[in-house]
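Note that these values count all heavy atoms, side chains included, but never hydrogens, waters or copies made by symmetry.
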Amino acid sequence: MEQYYIALNPEKKLADLVNNQKKLVQKTIGNQKYLQDPPHLTLIIFTTDKLNDIIQELENIIKNFPKFNIKLKDFHVFYNDPWTKCNTITYSLSEENLSFLRKIQLKVTDSIDKFNTKGFDYAYIGDKWIPHITIASIELDKFDLVFEK
């Protein structure tokens with residue numbers, strides 16, 4: 001069963017900022033996890049065998065989906081990230097974004113849940129979700145070399 005994710009993509013100005021940070025990490029310590037991923041804000045990860053149905057649900061949601069501003073708060077680190085076993089450096093978002101993004105996440109999750117096979121249990125829903133934009137997941141022995149920069 002394939003694993004998929006649904007994410008929000010930032011506009012160019014914010015994407016450029018994140019990509020510049022990714023380039024700095026690459027230049028300083030070489031390739032790390034997530035460096036090649038485009039800037040995005042993951043809403044949910046799931047498995048399904050009804051991808052076309054999910055795409056249709058998402059198209060219905062985004063028909064009237066307004067643009068909104070994202071305000072970065074500061075850097076946030078997921079130390080010993082359970083997914084990567086590394087320290088994952090991210091941009092955290094302002095408090096005013098959190099409530100709005102959690103509503104979006106729940107709307108998306110509720111609309112696709114009937115097609116989710118639950119072959120992958122994404123535990124980060126609602127208040128358990130910390131919206132962020134990832135820069136990279138840094139190997140533990142290289143973390144100090146890059147974090148201060």
Side-chain angles (χ1 to χ4, degrees), residues 1-19 21-23 25-26 29-143 146:
M1 184 91 26
E2 292 288 323
Q3 185 175 334
Y4 301 94
Y5 72 97
I6 297 171
L8 301 175
N9 296 323
E11 288 189 335
K12 184 176 179 348
K13 186 176 178 181
L14 180 53
D16 287 348
L17 174 72
V18 175
N19 282 326
Q21 293 298 320
K22 288 175 175 276
K23 288 175 188 173
V25 170
Q26 176 76 40
I29 59 173
N31 199 33
Q32 300 292 303
K33 292 175 184 167
Y34 304 141
L35 275 182
Q36 305 308 316
D37 294 357
H40 66 279
L41 197 149
T42 301
L43 294 176
I44 185 171
I45 300 172
F46 61 95
T47 58
T48 190
D49 55 5
K50 298 186 185 237
L51 186 58
N52 289 335
D53 293 324
I54 288 179
I55 291 170
Q56 183 62 50
E57 289 288 327
L58 293 174
E59 286 175 352
N60 290 335
I61 290 172
I62 64 172
K63 279 180 186 173
N64 299 312
F65 198 82
K67 284 188 176 185
F68 58 94
N69 290 325
I70 291 286
K71 294 181 183 170
L72 300 180
K73 186 175 175 185
D74 52 25
F75 290 106
H76 174 80
V77 179
F78 293 100
Y79 291 97
N80 294 308
D81 186 332
W83 288 34
T84 65
K85 309 298 184 232
C86 298
N87 291 337
T88 302
I89 301 175
T90 71
Y91 279 111
S92 63
L93 307 178
S94 72
E95 294 298 319
E96 61 194 70
N97 286 140
L98 298 183
S99 175
F100 178 72
L101 288 168
R102 286 186 174 122
K103 286 177 187 172
I104 292 171
Q105 185 201 45
L106 289 175
K107 182 176 180 90
V108 168
T109 302
D110 288 347
S111 72
I112 71 162
D113 193 54
K114 59 189 168 229
F115 305 116
N116 186 357
T117 61
K118 309 290 195 261
F120 177 80
D121 189 20
Y122 189 66
Y124 306 108
I125 302 291
D127 291 340
K128 295 178 184 176
W129 180 49
I130 302 171
H132 62 277
I133 299 175
T134 300
I135 297 168
S137 196
I138 310 295
E139 296 165 13
L140 299 178
D141 62 337
K142 296 180 179 176
F143 181 75
V146 79

### Task
Locate the shortest heavy-atom distance separating Trp129 from Arg102; write the atom from each residue and the value.
O-NH2, 2.6 Å
### Task
Give the minimum heavy-atom separation between Pro10 and Pro39, together with the two atoms involved.
CD-O, 3.3 Å
### Message
Applying side chain to side chain contact (heavy atoms under 4.5 Å, CB included) to Leu93 and Leu72, what does each step give before you reach the verdict?
### Response
CA-CA 4 Å; Leu93 307 178; Leu72 300 180; 3.6 Å; yes
#### Entry: Heavy-atom pair with the smallest gap, counting every atom of Tyr34 and Ala136
CB-CA, 4.2 Å
#### Entry: side chain to side chain contact (heavy atoms under 4.5 Å, CB included) between Trp83 and Lys33, intermediate numbers included
CA-CA 11 Å; Trp83 288 34; Lys33 292 175 184 167; over 6 Å; no
### Task
Can you establish whether the number of heavy atoms outside Gln3 located under 6.0 Å from its atom CD is more than 12?
yes
#### Entry: Note, Ile125 side chain near Lys128 side chain (heavy atom, < 4.5 Å)
no
### Message
Just so I know, are the side chains of Phe78 and Thr84 near enough to count as touching, which here means a heavy-atom distance under 4.5 Å?
### Response
no
### Query
Considering all heavy atoms of both residues, which atom of Val25 and which atom of Gln32 are nearest to each other, and what is their separation?
CG1-CG, 4.2 Å
### Task
To the nearest 0.5 angstrom, please state how far the CZ atom of Phe75 sits from the OG1 atom of Thr90.
9.0 Å
### Query
Please walk me through it: do Ser92 and Asp74 pass side chain to side chain contact (heavy atoms under 4.5 Å, CB included)?
CA-CA 6 Å; Ser92 63; Asp74 52 25; 2.7 Å; yes
### Message
Set out, in order, the CA-CA distance, both residues' side-chain angles and the distance that settles side chain to side chain contact (heavy atoms under 4.5 Å, CB included) for Thr109 and Phe46, then state yes or no.
### Response
CA-CA 10 Å; Thr109 302; Phe46 61 95; over 6 Å; no
### Task
With rounding to the nearest 0.5 Å, note down the distance linking OG in Ser94 to CD1 in Ile70.
7.5 Å
### Task
Return the orientation label for the Tyr79 and Phe143 ring planes: parallel under 30°, perpendicular over 60°, tilted otherwise.
perpendicular
### Query
Are any side-chain N or O atoms of Asn97 and backbone N or O atoms of Lys71, one a donor and one an acceptor, separated by less than 3.5 Å?
yes
### Query
For the residue pair Phe100 and Phe68, does the interplanar ring angle fall in the parallel (under 30°), tilted (30 to 60°) or perpendicular (over 60°) class?
perpendicular
### Message
Minimum heavy-atom separation for Gly126 and Gln105, please, with both atom names.
### Response
N-OE1, 2.9 Å
### Message
Determine whether a donor-acceptor pair (N or O, by modelled atom type, separation under 3.5 Å) exists between the side chain of Asn87 and the backbone of Asn80.
### Response
yes
### Rounded distance [0.5 Å steps], CD in Gln21 versus CD in Gln26
13.5 Å
### Message
How close do Phe115 and Thr48 get, counting heavy atoms only, and between which atoms?
### Response
O-OG1, 2.6 Å
### Query
When rounded to the nearest 0.5 angstrom, what distance separates CG in Asp110 from CD1 in Ile61?
9.0 Å
### Message
Nearest 0.5 angstrom please: Tyr91 OH to Leu14 CG, how far?
### Response
8.5 Å
### Heavy-atom side-chain contact between Asn31 and Gln36 under 4.5 Å
yes
### Query
Can you tell me how far OG1 of Thr134 sits from NE2 of His76, rounded to the nearest 0.5 angstrom?
10.0 Å
### Message
If you define the side chain from C-beta out and look only at heavy atoms, does anything of Thr47 sit under 4.5 Å from Asn116?
### Response
yes
### Query
Just wondering, do Tyr4 and Ile54 contact through their side chains at under 4.5 Å, heavy atoms?
no
